[in-house]
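Heads up, the thing below is written out as C-alpha cells.
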Amino acid sequence: MALKLYNTMGRSMQDFKPIDESEVGLYGCGPTVYNYAHIGNLKTYVFEDLLRRTLEYLGYNVKHVMNITDVGHLTDDADDGEDKMEKSARETGRTVWEIAEFFTRAFFDDTKKLNILTPHVSCKATEHIQDMIDLIKTLEDRGFTYEAGGNIYFSIDKFPDYGKLALLDRQKLSAGARIEVDSNKKNPHDFVLWFTNSKFENHAMLWDSPWGKGYPGWHIECSAMSRRYLGDQFDIHCGGIDHVNIHHTNEIAQTEAATGKKWVNYWLHGEFLVMNKAKMAKSAGNFLTLAVLEEKGYNPLDYRYFCLGGHYRSQLQFSWESLDSAKTARNNLVEKVRNLLEKGKKADISNIGSAAGKYCEDFRNSINDDLNLPKALAVVWTLLKDKEISEDEKLTLILDFDRVLGLDLENTASAEEKADDVDQKVLDLIEERAEARKNRDFAKSDEIRDTLKEMGIEIKDTADGTKWKKM
RNA sequence: GGCGCCGUACCCAAGUGGUAAGGGAGUGGUCUGCAAAACCAUGAUGCACCGGUUCGAAUCCGGUCGGCGCCUCCA
C-alpha cells in the first residue's frame, strides 16, 4: 500500500507522489518567536515530525525547511495592532533582537526534548528580507500590487484562483464583521506585502526597500523562503489548521502570481489541542508550556506519546487525566522494551519470520493511511502481547517502528538502567533493607522503603531480588 | 451571518457499508511478610437523538440537539 495523505487542497485522500523521487520537499510554518511555545503549538510540530519520519521510514530522502518568524506581527486588529515582538520587548526591557534570539532558542530546546528532528534548514525571516523584496518586486512588475497609504498591497481581484484552498468561493466574503476594514484596501481581503507606514514610533526592525524604509507583511516570508530553499514547486506544505483561510491562502496567491505555476502539491494541516472545550491560547487562560509539564513531573516524551494517541487531523482533548494515562502507558512501554533489551537481541529486520512480518505490514499500513499513529500504536501493543513472536523479533520490530514513533525507546530504556548517578547511600539503604527482610524485621524494612521513596527511589521485590528505579 | 469539522465505554482514542482496535483507570485472580511491579482474566447487542436507504449502517442520506474551529495575529 502506498502512502496516502489527506490533501486540504481538494479535501480528499490522495496517493503521495513526489515531484522528484530522489528528494521530497517539505515546508512547515515555524514559530513566531515572541513568547514560549505552548503545548498546543508543539502538537503541530510533533505532527510535522511524524510526517517527516514516516517519509524517511518509507525510504524517501526528505528536505525539511522551516521558517522562524522573527519579524514581529500584529497582535490584533486588522493591520494596525501593536507588533507582538515590539510589545514583548517593551514589556521585558529587552531589544526585539534579544527577544527573538531568546525564544528561538527556547523553541528548539522544546522540540529537542520532544525528540523532534531538527529541520535541515531553519531560516530566519530577518535574514531573507532581500528575497522578500525581490518577490514583491516581481509581483509589482506583473501587476498584482498597488500602493495605498504608504503600504504595498496584494490585489486578490487580480488573482482569479484566490481562496481555492479554503473554498472561499463558497463563502460569502464578509470581512469587517468583527473588525474595521482598512480603508486603503480595494478589496477587504487584500493584504499587505510591505509596510512603510507604521503607527508606532521607534519601530526597531526596519529595512530599506524600493518603497521606502519599512518591514515586510507576514505572508510574504514563507513564500520567499520556501522558494529559496525548495524552488518554485515542491511537494508538501504543512502547518496548523488555522492557517488555511488566511496565511496559506495568501501564500498561494503571492507565489503562484509571481511564478505563474502551480506551487505546492500537498497541503497538510494539524488540528488543535483543545483544553476545557477551547483551543489552547494565551488569551483563553489555558496556556501550558512544556516547562510547566516538566515541573509537574512529566517527561516531555510523555507529551509526545500523548500526541501519538490521537490522529493529527482530529482535535485532541487535553486533560491531566489523559496526560497521566499517556505517562503510564509510555512507562509501561519503556519497561517492556527494557525487558526485551535484557533478554533479547536485536536482529536484522529483513530476517524476521512471517508472523512477525505481518506486524511490520500492519504498522506500515497504519502510517501509510494518512499517518494513523493511534492505529500504529495499537499494532505495537498487540505485538507485545503476541506469544507466537520471539523476543528477538519483538525487539527488532519495535525499535524499527520507533524510527517513526520517535519515543527514543532504546536510549530511554537503557539509560534508566544505569546506576552511575545514584548516591551510594541509596545502594546502602537497599542493602540494609534486604538484610532486614532476611531477618523478617518488616517494620524496619518498610521504614527504609519509605525513606527511599522520599529520596525519589521506587523499589520492587522480584524473584530476582530487589529492583529499584527513580520515580 | 458565512465556511469547515466533530459527537464511539469512567477518561483518551482508532474504526467511513459486513457485525465495535489500542492505551489508561476500575474489578477479579496469580505472586508477595505487606506493598509495588509483573502476568492472566474482565468492559459498549452498543457508537448524541429521530427518520430513511440497504440483505446488512457507528459508517451513506435527511432532520434535530450539542460541541469545536476559522472568517482578526494564531499551531
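Within every chain, numbering begins at 1; the chains are lettered A, B, ... in the order of the sequence lines, protein sequences first and strands thereafter. Every heavy atom of this structure was used, including side-chain atoms; hydrogens, water molecules and symmetry mates were not.
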>> Please name the nucleotide paired to B/U42 by Watson-Crick or G-U wobble geometry with both distances under 3.5 Å, or report none.
In response: B/G26

>> What is the separation between atom NE2 on A/His243 and atom C1' on B/A75, rounded to the nearest whole Å?
In response: 7 Å

> Is A/Arg437 touching bases, backbone alone, or none of the nucleic acid, heavy atoms closer than 4.0 Å?
Replying inline: base

> Choosing from B/G24, B/C34, B/A14, which nucleotide comes nearest the side chain of A/Lys375?
Replying inline: B/A14

>> For B/G33, does the base pair up with any side-chain atom of A/Ser445 as donor and acceptor (N or O, under 3.5 Å, distance only)?
In response: yes

> What nucleic acid atoms does A/Asn339 come within less than 4.0 Å of, heavy atoms only: base, sugar-phosphate, or nothing?
Replying inline: nothing

>> Mind checking if A/Leu42 touches a base, just sugar-phosphate, or nothing, with heavy atoms under 4.0 Å?
In response: nothing

> According to the Watson-Crick and G-U wobble definitions, with both distances under 3.5 Å, which nucleotide is paired to B/A9?
Replying inline: none

> Looking only at atom P, what distance separates B/U45 and B/C6, rounded to whole Å?
Replying inline: 25 Å

> Expressed in angstrom and rounded to an integer, what is the separation of A/His248 atom NE2 from B/C73 atom C1'?
Replying inline: 14 Å

>> With the criterion set at under 5.5 Å between ring centres and under 30 degrees between planes, would B/G33 be stacked on A/Phe442?
In response: yes

>> Could you tell me the Watson-Crick or G-U partner of B/C60, where both distances fall under 3.5 Å? Say none if there is no partner.
In response: B/G52

> If you look at every strand shown and take non-hydrogen atoms under 4.0 Å, does A/Ile246 touch a base, only sugar-phosphate, or nothing?
Replying inline: sugar-phosphate

>> Return the pairing partner of B/C3 with a 3.5 Å limit on both distances, Watson-Crick or G-U wobble; otherwise return none.
In response: B/G69

> Looking at CG of A/Asn151 and CH2 of A/Trp194, how far apart are the two atoms once the value is rounded to the nearest 0.5 Å?
Replying inline: 11.0 Å

>> Under 4.0 Å between a side-chain nitrogen and a carboxylate oxygen: does that hold for A/Asp157 and A/Lys186?
In response: no

>> Distance check, rounded to the nearest 0.5 Å: A/Phe47 atom CZ versus A/Leu316 atom CG?
In response: 14.0 Å

> Considering only B/A14, B/C12, B/A75, which nucleotide approaches the side chain of A/His38 most closely?
Replying inline: B/A75

> Using atom P of each nucleotide, how far apart are B/A21 and B/A14 to the nearest Å?
Replying inline: 15 Å

> Considering every strand shown, what is the Watson-Crick or G-U wobble mate of B/A36 when both distances are under 3.5 Å?
Replying inline: none

> Rounded to whole angstroms, how far apart are CD1 on A/Ile116 and C1' on B/A75?
Replying inline: 12 Å

> When you check the gap from the basic side-chain N to the acidic O, do A/Glu361 and A/Lys358 get nearer than 4.0 Å?
Replying inline: no

>> Once you apply a heavy-atom cut-off of 4.0 Å, does A/Tyr45 come out as touching a base, just sugar-phosphate, or nothing?
In response: sugar-phosphate

>> Any base atoms under 4.0 Å from A/Gly40, or only sugar-phosphate, or nothing? Heavy atoms, all strands.
In response: base

> So what's B/G17 paired with, Watson-Crick or G-U wobble, going by both distances under 3.5 Å?
Replying inline: none

>> Regarding A/His311, tell me which of base, sugar-phosphate or nothing describes its non-hydrogen contacts under 4.0 Å with the strands shown.
In response: sugar-phosphate

> Does A/Arg449 get its side chain close enough to the base of B/C34, under 3.5 Å, for a donor-acceptor pair?
Replying inline: yes

>> Using only modelled atom types and a 3.5 angstrom limit, is any donor from either the side chain of A/Asn332 or the base of B/G23 paired with an acceptor on the other?
In response: no

>> Please report the interatomic distance CG(A/Leu333) to OH(A/Tyr305), rounded to the nearest 0.5 Å.
In response: 6.0 Å

>> If the threshold is 4.0 Å, N to carboxylate O, is there a salt bridge linking A/Arg53 and A/Asp49?
In response: yes

>> So A/Ser325, base contact, sugar-phosphate only, or nothing? Heavy-atom distance under 4.0 Å.
In response: base

